[in-house]
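Take a look at the structure set out below.
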Amino acid sequence: MAIKPILFNTEMVRAILDGKKTCTRRVAKNIPYHTHRIEPIYENGRLQFNCFYSACAPTLDIYADFCMPYFPPYQQGDILYVRETWGHPISLNSDKQYVFRADEIAEIGFKNDSHIWHPSIHMPKEAARIWLKVTDVRVERLQNIDGKGCVKEGIEEEPLKYVGDEFVKGMFHDLWDSTIKKSDIDRYGWNANPWVWVIEFERCEKPKEEE
């Protein structure tokens, strides 16, 4: 078991706090371009994936199949602490050391949009209030997600009941593309259908060794 950070934007932090989000997808970068199959294997008790891809074999001057090991960012059982947009309380009399953008009011009588916030990437580990345990890790194409997968990602469940998978996938499509930089949309946007890590998790307590 390892303890590692993971970043979420404010909307997704709220979904986790509300119990609506139990899964996240992250772009699996550096997978060979012509990968056509990925298989999970366990090596010395740790999960890794073999990427099978086609490429030109220089010595043969033909296309051939190759295999390259690829390691996930997290293992099942890892503990993640969530990095989120954070700040310090305005009131000098506050007994709080940190406040969070995802809360409706950062400090009594002080609205979020008036506060000075720091990016999640700069949040110190000691400020973490949300801890997650990884329950499953796999890799798949982005567009392979189904309606239930979208709900696990934090999309509202009601549309799935009444209008079906494709509508909900459209909602996730919009959500996904909103998180991708415009300069990367051609490579990692929904239409590019990149390989992604699928990381499922559940809320857990802060490990005792971190207290």
Side-chain angles (χ1 to χ4, degrees), residues 1-8 12 15-16 20-83 131-155 160 164-166 168-181 184-204 207:
M1 180 199 78
I3 297 176
K4 298 180 178 181
I6 187 169
L7 274 66
F8 285 102
M12 293 299 98
I16 291 172
K20 297 178 180 179
K21 184 173 178 66
T22 59
C23 183
T24 186
R25 282 164 171 74
R26 305 293 166 105
V27 173
K29 298 181 179 179
N30 301 321
I31 286 182
Y33 180 73
H34 292 291
T35 294
H36 53 78
R37 187 172 88 256
I38 298 180
E39 295 181 353
I41 65 169
Y42 280 89
E43 188 73 24
N44 297 323
R46 290 183 64 82
L47 178 66
Q48 70 177 53
F49 294 84
N50 282 340
C51 297
F52 295 88
Y53 64 100
S54 298
C56 183
T59 57
L60 301 175
D61 197 29
I62 60 172
Y63 260 71
D65 279 345
F66 296 88
C67 177
M68 183 184 80
Y70 198 66
F71 299 92
Y74 308 110
Q75 294 281 326
Q76 185 174 348
D78 281 354
I79 303 297
L80 313 180
Y81 61 94
V82 173
R83 281 180 165 168
W131 296 78
L132 310 172
K133 182 177 181 180
V134 177
T135 58
D136 187 51
V137 179
R138 61 186 185 276
V139 63
E140 63 184 33
R141 290 287 191 180
L142 177 62
Q143 292 181 17
N144 285 356
I145 192 171
D146 59 13
K148 291 182 179 179
C150 293
V151 172
K152 288 182 178 181
E153 284 275 2
I155 299 297
L160 180 61
D165 274 28
E166 290 307 310
V168 175
K169 287 178 69 172
M171 296 173 68
F172 179 72
H173 168 181
D174 293 340
L175 175 64
W176 176 267
D177 280 356
S178 72
T179 67
I180 304 296
K181 293 180 181 178
D184 289 335
I185 203 74
D186 289 341
R187 289 186 297 168
Y188 304 133
W190 175 266
N191 291 333
N193 197 24
W195 290 99
V196 293
W197 295 114
V198 183
I199 304 153
E200 298 200 25
F201 53 81
E202 61 186 14
R203 293 282 301 275
C204 68

Other residues, nucleotides, ligands: >12 heavy atoms within 6.0 Å of Lys169 NZ: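 More than 12 heavy atoms, drawn from other residues, nucleotides or ligands, come within 6.0 Å of this atom.
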
Enclosure of Lys148 NZ (heavy-atom neighbours >12, cutoff 6.0 Å):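 Check fails, neighbour count at 12 or below.
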
Can you tell me how far apart CD (Gln76) and CZ (Arg138) are? Round to the nearest 0.5 Å.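 Between atom CD of Gln76 and atom CZ of Arg138 there are 11.5 Å.
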
Within this structure, what is the OG1-CD1 distance for the pair Thr24 and Ile16, rounded to the nearest 0.5 Å?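 These two atoms lie 7.5 Å from each other.
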
Do [X] and [Y] come within less than 4.5 Å of each other through their side chains, counting heavy atoms only?
{"X": "Leu80", "Y": "Val134", "answer": "yes"}
{"X": "Phe49", "Y": "Pro72", "answer": "yes"}
{"X": "Tyr74", "Y": "Ile6", "answer": "yes"}

As a quick check of understanding, evaluate side-chain contact (heavy atoms from CB on, under 4.5 Å) for Thr22 and Glu202, giving each step before the final call. CA-CA 6 Å; Thr22 59; Glu202 61 186 14; over 6 Å; no

Residues Asp184, Arg187; criterion salt bridge (charged side-chain N to carboxylate O under 4.0 Å, His left out); working and verdict: CA-CA 5 Å; Asp184 289 335; Arg187 289 186 297 168; 2.6 Å; yes

Can you sort out the partners of Arg203 under side-chain hydrogen bond (donor to acceptor under 3.5 Å, both in side chains), two or more places apart, ordered by chain and number?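 None.
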
side-chain hydrogen bond (donor to acceptor under 3.5 Å, both in side chains) partners for Lys21, two or more places apart: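 Partners of Lys21 by the side-chain hydrogen bond (donor to acceptor under 3.5 Å, both in side chains) criterion, ordered by chain and then number, come out as Glu153.
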
Who passes ring pair (Phe, Tyr, Trp, His ring centres under 6.0 Å) against Trp131, sequence neighbours left out?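 Ring pair (Phe, Tyr, Trp, His ring centres under 6.0 Å) check on Trp131 returns Tyr81.
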
Start with the C-alpha gap between Val196 and Val139, add the side-chain angles, then the distance that decides, and say whether side-chain contact (heavy atoms from CB on, under 4.5 Å) holds. CA-CA 6 Å; Val196 293; Val139 63; over 6 Å; no

Is the NZ or CZ atom of Arg26 both under 6.0 Å from the centre of the six-membered ring of Phe8 and within 45° of that ring's axis?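 Judged by the rule, Arg26 and Phe8 form a cation-pi pair.
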
Trp176 vs Ile145, test: side-chain contact (heavy atoms from CB on, under 4.5 Å). Steps then yes/no. CA-CA 12 Å; Trp176 176 267; Ile145 192 171; over 6 Å; no

Could you go through Phe172 and Leu142, starting from their C-alpha distance and side-chain angles, then the distance that decides it, and tell me whether this counts as side-chain contact (heavy atoms from CB on, under 4.5 Å)? CA-CA 10 Å; Phe172 179 72; Leu142 177 62; 3.8 Å; yes

